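Here the structure is a predicted model, which means the values were calculated and not measured. For the single chain, residues carry numbers from 1 onward in sequence order. Heavy-atom basis, side chains included; hydrogens, waters and symmetry copies ignored.
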Amino acid sequence: MYQLQVENMSCGHCVGAVTRAVQAVDAAAKVDIDLASKTVRIASACALAPLKSAIADAGYPVTSAA
């Protein structure tokens with residue numbers, strides 16, 4: 001389980017875009033997004049780096065990860 005802080009998310013479209021970006025890397029990933037706190041939780045067997053890159057490439061900078 002990864003927890004990321006992701007900027008520029010403000011609406012349902014953003015949630016969909018981030019979810020699609022993550023699932024393009026790992027189709028089985030479970031994604032939970034809280035817009036208020038700009039938190040993205042990802043349950044994935046994939047390494048963190050490609051997930052972060054996919055989210056950033058979609059236009060949503062990852063500011064921290066745990």
For the residue pair [X] and [Y], what are the closest heavy atoms and their distance?
X   : Y   : answer
V25 : A54 : CG2-CB, 3.5 Å
A65 : L48 : CB-CD2, 3.8 Å
C46 : P50 : SG-CG, 3.9 Å

Heavy-atom side-chain contact between V22 and S44 under 4.5 Å |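 The answer is no; the side chains never approach within 4.5 Å.
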N8 side chain reached by C14 side chain, heavy atoms, under 4.5 Å =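 Result no, sub-4.5 Å side-chain heavy-atom pair not found.
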What's the spacing between [X] [atom1] and [Y] [atom2] if we round to 0.5 Å?
X   : Y   : atom1 : atom2 : result
T19 : I42 : OG1   : CD1   : 9.0 Å
R41 : I33 : CZ    : CD1   : 10.5 Å
L4  : L51 : CG    : CG    : 8.0 Å

Among V62, T63, T39, which residue meets the side-chain contact (heavy atoms from CB on, under 4.5 Å) test with V6?
->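 When side-chain contact (heavy atoms from CB on, under 4.5 Å) is applied between V6 and each of V62, T63, T39, only V62 qualifies.
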side-chain contact (heavy atoms from CB on, under 4.5 Å) partner of V40, chosen from Q5, M9, Q3 =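 Answer after filtering Q5, M9, Q3: M9.
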